[in-house]
Amino acid sequence: MTGMLYSNLIGFFIIVTTGATLHAHGVTLIGTAEQAAEALRPFAGSLTFFLFSLGIIGTGLLAVPVLAGYAVAESLGWRGSLEMPVRRAPDFYLILGAATLAGLIAALSPFNPIRMLFWSAVVNGVVAVPLMAAMMLVVGNRKIMGAFAASRMLMIFGWAATALITAAVAAMLVANFAG
């Protein structure tokens, strides 16, 4: 819980400081990675693009393939962990390699990476609605979860979060597709 708290706080402050820095310099629409990197210029000077690239590449190499590997391995019932040698979890490492290759292909494609990040976030938000609803139905069901079923307070907050993301998705759809 402590790690989640700190990572969310750090993410929040990255968003706030980047937004404040860009807005202060008149940048209100980011369309390229170059514009996103400019947020570091007041702090990093000539190392701006190096640090931005290092952060993006490091995050991509660490997070995306690992998450894909664990998600696919779990869903297919495969054994897999970064602590296991390749010979004990070849399918898991195959997924890691495929996800890394897919990221490389995406990086070398002519598509705007900022636009790809934006649309992946939109898709994640839309997909989250039915996933959260299904999750709430499962975690609140004592027949399924037994003693581990969610408490009343957790159910209230969980359904509130589900309603909030549903409202956000509905507002996005109305704003973009209505009249």
Side-chain angles (χ1 to χ4, degrees), residues 1-19 22 28-33 35-36 39 55-78 80-82 91-92 95-96 98-107 109 111-179:
M1 288 179 67
T2 303
M4 288 177 60
L5 174 69
Y6 281 122
S7 69
N8 282 301
L9 279 174
I10 290 167
F12 171 76
F13 286 112
I14 287 171
I15 292 168
V16 170
T17 55
T18 302
L22 290 174
T28 57
L29 179 64
I30 298 176
T32 67
Q35 290 172 330
I56 292 293
I57 292 167
T59 300
L61 287 175
L62 290 174
V64 175
V66 173
L67 289 174
Y70 279 107
V72 172
E74 281 288 320
S75 66
L76 297 176
W78 297 345
S81 169
L82 291 174
D91 297 330
F92 174 76
I95 296 300
L96 289 182
T100 303
L101 182 62
L104 177 63
I105 291 168
S109 75
F111 299 113
N112 182 332
I114 301 300
R115 188 163 299 283
M116 288 191 324
L117 284 172
F118 172 80
W119 283 109
S120 70
V122 169
V123 169
N124 282 335
V126 171
V127 169
V129 172
L131 289 177
M132 287 179 69
M135 179 182 65
M136 292 307 301
L137 292 171
V138 170
V139 300
N141 187 325
R142 295 217 180 271
K143 288 181 183 177
I144 297 171
M145 298 300 294
F148 299 104
S151 67
R152 178 179 297 271
M153 187 60 67
L154 187 57
M155 292 299 293
I156 289 169
F157 281 111
W159 280 115
T162 303
L164 184 63
I165 196 163
T166 301
V169 169
M172 177 200 66
L173 293 172
V174 167
N176 285 297
F177 298 112

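Scope of the values below: all heavy atoms of this structure, side chains included, with no hydrogens, waters or symmetry mates. Computed from a predicted structure; not experimentally measured.
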Please list, one pair per line, the donor and acceptor atoms closer than 3.5 Å that link side chains of residues 162-171 to other protein atoms, with sequence neighbours excluded.
{"residue": "Thr162", "atom": "OG1", "partner": "Gly158", "partner atom": "O", "Å": "2.8"}
{"residue": "Thr166", "atom": "OG1", "partner": "Thr162", "partner atom": "O", "Å": "2.7"}

Do Leu96 and Leu82 touch side chain to side chain, with heavy atoms closer than 4.5 Å?
yes

Which side-chain N or O atoms in residues 137-152 pair as donor and acceptor under 3.5 Å with protein atoms at least two apart or in another chain?
{"residue": "Asn141", "atom": "OD1", "partner": "Lys143", "partner atom": "N", "Å": "2.8"}
{"residue": "Asn141", "atom": "OD1", "partner": "Ile144", "partner atom": "N", "Å": "3.3"}
{"residue": "Ser151", "atom": "OG", "partner": "Leu154", "partner atom": "N", "Å": "3.2"}

To the nearest 0.5 Å, what is the distance between CZ on Phe157 and CE on Met136?
11.5 Å

Do other residues, nucleotides or ligands put more than 12 heavy atoms under 6.0 Å from the CH2 atom of Trp159?
yes

Measuring from atom OG1 of Thr100 to atom CD1 of Ile95, what distance do you get when rounded to the nearest 0.5 angstrom?
11.0 Å

Contact summary for Trp78 and Phe92, nearest pair of heavy atoms:
CE3-N, 4.3 Å

